[in-house]
Amino acid sequence: MSEEKVNHPEHYGGDTTYEVIKVLEAWGLNFHLGNVVKYIARAGKRPDTDLLTDLKKAAWYLNREIERLEKKT
């Protein structure tokens with residue numbers, strides 16, 4: 001059997017209660033905050049990306065959301 005690469009890849013959490021997409025939907029997170037959680041949850045698990053890169057991506061999305069909120073005030 002080939003590795004699942006579309007619906008429930010292992011680095012996505014597999015088909016579990018805590019699969020990232022299920023958590024993001026349950027929490028009702030917007031795009032930026034959803035990506036923060038996604039990159040942290042999957043950090044270092046993707047075969048083509050290292051831990052530090054994923055954490056930097058999470059920080060980038062968090063900073064983007066902070067900037068968006070600051071512009072509103």
Side-chain angles (χ1 to χ4, degrees):
M1 177 185 262
S2 67
E3 177 185 343
E4 174 59 62
K5 294 184 180 185
V6 177
N7 293 315
H8 304 285
E10 195 59 37
H11 69 275
Y12 280 27
D15 187 15
T16 68
T17 302
Y18 302 108
E19 183 178 10
V20 176
I21 189 74
K22 293 175 185 175
V23 173
L24 299 180
E25 289 172 349
W27 291 353
L29 296 178
N30 68 21
F31 181 78
H32 295 124
L33 295 179
N35 274 329
V36 171
V37 172
K38 176 184 78 171
Y39 278 109
I40 290 171
R42 298 177 188 170
K45 295 179 182 169
R46 295 183 332 161
D48 61 337
T49 306
D50 62 276
L51 175 64
L52 184 58
T53 299
D54 284 334
L55 294 177
K56 285 181 177 182
K57 288 180 182 180
W60 187 88
Y61 279 105
L62 181 57
N63 287 326
R64 183 103 171 166
E65 179 66 5
I66 291 168
E67 291 170 8
R68 186 186 74 79
L69 293 172
E70 287 176 338
K71 287 179 184 176
K72 291 175 88 174
T73 59

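What you see below is based on every heavy atom in this structure, not just the backbone, and it leaves out hydrogens, waters and symmetry mates.
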Residues that Asn35 engages under side-chain hydrogen bond (donor to acceptor under 3.5 Å, both in side chains), provided they are two or more places apart: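 Partners of Asn35 by the side-chain hydrogen bond (donor to acceptor under 3.5 Å, both in side chains) criterion, ordered by chain and then number, come out as Lys38.
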Applying side-chain hydrogen bond (donor to acceptor under 3.5 Å, both in side chains), can you list everything that pairs with Asn63, at least two apart in sequence or on another chain?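 Once residues adjacent in sequence are excluded, Asn63 has no partner under the side-chain hydrogen bond (donor to acceptor under 3.5 Å, both in side chains) criterion.
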Among Leu29, Asn30, Leu33, whose side chain to side chain contact (heavy atoms under 4.5 Å, CB included) with Leu24 holds?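 Of all the options given, the one that passes is Leu29.
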Considering non-hydrogen atoms only, spot the tightest contact between [X] and [Y] and give its length.
{"X": "Val20", "Y": "Ala41", "result": "CG2-CB, 3.6 Å"}
{"X": "Ala43", "Y": "Leu55", "result": "CB-CD2, 4.1 Å"}
{"X": "Leu62", "Y": "Val36", "result": "N-CG2, 3.4 Å"}
{"X": "Ile40", "Y": "Ala58", "result": "CG1-CB, 3.8 Å"}

Approximate separation, where rounding is to 0.5 Å, of Arg42 CZ and Lys45 NZ: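 Those atoms lie 9.5 Å apart.
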For residues 57-68, pull every pair meeting salt bridge (charged side-chain N to carboxylate O under 4.0 Å, His left out), keeping only residues two or more places apart or in separate chains.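 Salt bridge (charged side-chain N to carboxylate O under 4.0 Å, His left out) check on residues 57-68 returns Glu65-Arg68.
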Quick check on the hydrophobic clustering: are Tyr61 and Trp27 connected, directly or via other members, by side-chain heavy-atom contacts under 4.5 Å?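 Cluster IDs for Tyr61 and Trp27 match.
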The test is side-chain contact (heavy atoms from CB on, under 4.5 Å); show your working for Lys56 and Leu52 and say whether it passes. CA-CA 6 Å; Lys56 285 181 177 182; Leu52 184 58; 3.9 Å; yes
